[in-house]
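Notes follow the structure.
This chain uses plain numbering: 1 for the first residue, then up along the sequence. Whatever order the structure lists ligands and atoms in, that order sets their numbers, starting from 1.
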Amino acid sequence: MNQAKLFFSLILVVLLLIFGAWLVFFFQWSAPMPRSATPATVGVAPAPAAPAVAPAPLAPVFNPPAPEDAPEQIRPMVMLGYKIMTETKKYAPEYVGNGMACTNCHFEGGRSKDTISLVGVAAKYPLYRARREYTADLALRTQGCFERSMNGKAPAADSQIMQSLLVYYQWISKDIPIYSTPPWTVLAHHLENDHKPDAEAGATVYKDVCARCHGDDGHGTPIAPALWGDGAYNDGAGMHRIRTFSVFAWRFMPKSSPSLSQEEALDVAAYVHEQPRPKFVATHPNKIERVIPLPGEAKQ
Ligand code: HEC
Ligand code: HEC
């Protein structure tokens with residue numbers, strides 16, 4: 001009888017010991033570990049790392065802040081950047097070679113969604129540009145629009161004009177997750193439409209729909225900027241591509257009440273493409289080495 005009691009007491013003790021050891025283990029492992037602690041200072045093997053669950057990427061939300069709401073330290077630069085966008089000839093006269101302002105294509109200084117929007121552009125760059133085979137930052141990209149869309153000269157990266165534009169882009173990109181590609185900043189590369197652009201049909205579309213604002217001669221009116229002639233973008237500009245022009249015209253023209261069919265947009269793009277405009281002349285070295293070999297890789 002006594003022997004049986006002793007036997008059961010022993011089992012009870014063993015069970016308690018196992019339970020106690022489990023408790024010690026449980027609390028040591030689950031106690032929060034300070035960020036700086038190494039396993040050696042904690043004294044137990046670290047818990048196996050939790051499986052890496054990538055947080056869901058934040059979806060970019062379109063909500064650009066107003067230039068005048070910028071924090072005091074950057075407000076003068078943001079305001080100057082905004083003025084360069086909207087009154088380019090007045091605030092960057094040496095760099096403009098036609099009658100255009102940035103806002104003529106990037107409506108409301110790029111703050112609109114219904115345009116080639118620049119909201120979030122600071123979260124997208126620097127990026128690789130397949131067309132030119134190099135990685136560009138926003139200064140380089142902006143120089144391209146000055147030389148081509150504005151038929152002018154490229155302001156230096158360290159100029160006040162360029163720096164103000166960069167500060168402005170950054171401000172209107174506030175809260176857009178870095179490296180996201182906000183869907184509204186992507187002008188589709190072409191319309192999904194097999195229609196063959198017909199310049200002759202486009203001449204009729206131009207006369208019927210566009211001329212009342214852009215002028216019978218396409219040289220612009222007080223209501224709307226030039227589409228061709230000396231006051232327009234040059235033949236190196238993105239807008240001089242039929243596919244870019246047709247997407248822009250189909251999505252955004254006439255301004256505030258777009259009405260073209262995709263076929264009409266392609267036709268009018270072909271018609272405008274045939275009209276005379278300034279020739280692109282590069283004013284700064286545009287050739288950038290695509291791949292600079294790292295030391296030791298030179299022979300490959
Ligand atoms: C004639 C129309 C036109 C004018 C004027 C113009 N741009 Fe552009 N801009 C474009 C087009 C077209 C693109 C390329 C859009 C695309 O391919 O998605 C572009 C792209 C850009 C981009 C890169 C946007 C991105 O999401 O990658 C920036 C920045 C820019 N322009 C700044 C300017 C500035 C600053 C000015 C004035 C100095 C200006 N642009 C004037 C047509 C224009
Ligand atoms: C109701 C007037 C109106 C009509 C009609 C109109 N546009 Fe525009 N368009 C504008 C205005 C205004 C701008 C400049 C917007 C700004 O500065 O905010 C513009 C800008 C443009 C631009 C970019 C700037 C430039 O001059 O290169 C293109 C391209 C364009 N329009 C093409 C067309 C085409 C093609 C048609 C006909 C299908 C058309 N527009 C009809 C008012 C109009």
Do you know how many protein N, O or S atoms are within a distance smaller than 2.8 Å of atom 8 (Fe) of ligand 1? 2
Ion pair D235/R277, N-O distance below 4.0 Å: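 No, this pair does not count.
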For atom 35 (C) of ligand 1, state which one of Y91, Y169, W184 supplies the nearest heavy atom.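 The nearest heavy atom belongs to Y169.
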Report whether [X] and [Y] are members of the same hydrophobic cluster (ILVMFWY, side-chain heavy atoms less than 4.5 Å apart, transitive linking).
X	Y	value
M85	L138	yes
Y125	Y168	yes
Y91	M79	no
V247	Y206	yes

Which atoms of ligand 1 are found less than 4.0 Å from any heavy atom of [X]?
X	value
F146	38 (C)
T185	26 (O)
V121	24 (C), 25 (C), 26 (O)
A101	5 (C)

Check each atom of ligand 2 against the heavy atoms of [X] and keep those under 4.0 Å away; list them by number with element.
X	answer
F245	29 (C), 35 (C)
Y233	27 (O)
P254	4 (C), 5 (C), 6 (C), 41 (C)
V209	5 (C), 38 (C)

What part of [X], side chain from CB on, backbone N/CA/C/O, both or neither, has a heavy atom under 4.0 Å from ligand 2?
X	answer
F252	neither
M100	side chain
L260	side chain
F248	side chain

What's the shortest distance from [atom] to any protein heavy atom, and which residue and atom give it?
atom	value
atom 36 (C) of ligand 2	C210 SG, 2.8 Å
atom 11 (C) of ligand 2	A224 CB, 3.8 Å
atom 13 (C) of ligand 2	P225 CD, 3.6 Å
atom 32 (C) of ligand 2	M253 CG, 3.5 Å
atom 27 (O) of ligand 1	Y125 OH, 2.6 Å
atom 19 (C) of ligand 1	R141 NH2, 3.4 Å
atom 2 (C) of ligand 2	C213 SG, 1.9 Å
atom 12 (C) of ligand 2	I223 O, 3.4 Å
atom 18 (O) of ligand 1	L187 CB, 3.4 Å
atom 16 (C) of ligand 2	T103 O, 3.6 Å

Test side chain to side chain contact (heavy atoms under 4.5 Å, CB included) applied to Y233 and M150, step by step: CA-CA 6 Å; Y233 55 85; M150 308 296 291; over 6 Å; no
Main chain of [Y], side chain of [X]: is a donor-acceptor contact present, judged purely on distance under 3.5 Å?
X	Y	value
T221	I223	yes
S117	S112	yes
E274	A270	no
D208	V205	no
T115	C105	yes
H240	H273	no
S173	I176	no

Does [X], backbone or side chain, put an N or O under 3.5 Å from an N or O of ligand 2?
X	value
K255	yes
A226	yes
R212	no

Does the residue N104 have a heavy-atom contact with ligand 2, meaning some pair of atoms that are separated by less than 4.0 Å? yes
Heavy atoms of other groups near [X] [atom1], more than 12 under 6.0 Å:
X	atom1	answer
D217	CG	yes
Q160	CD	no
E200	CD	no

Regarding ligand 1, does K124 bring an N or O atom to under 3.5 Å of one of the ligand's N or O atoms? yes
Relative to ligand 1, is A92 under 4.0 angstrom through side chain, backbone, both or neither, heavy atoms considered? neither
Structural part of M85 in contact with ligand 1, heavy atom criterion under 4.0 angstrom: side chain
Do N98 and N151 have side-chain N/O donor and acceptor atoms under 3.5 Å apart? no
Between atom 8 (Fe) of ligand 2 and H214, is there an N, O or S atom separated by less than 2.8 Å? yes
Do R251 and D114 have side chains that approach each other closer than 4.5 Å (heavy atoms only, starting at C-beta)?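 R251 vs D114: side chains apart.
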Check whether NZ of the Lys or CZ of the Arg K255 lies under 6.0 Å from the centre of the six-membered ring of F107 and within 45 degrees of that ring's axis.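 Yes.
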Mind checking whether W184 and F62 have parallel, tilted or perpendicular rings, split at 30° and 60°?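 Ring orientation, 0 to 90° scale: perpendicular.
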Below 30° counts as parallel, above 60° as perpendicular, anything between as tilted: where do the rings of W228 and H219 land? perpendicular
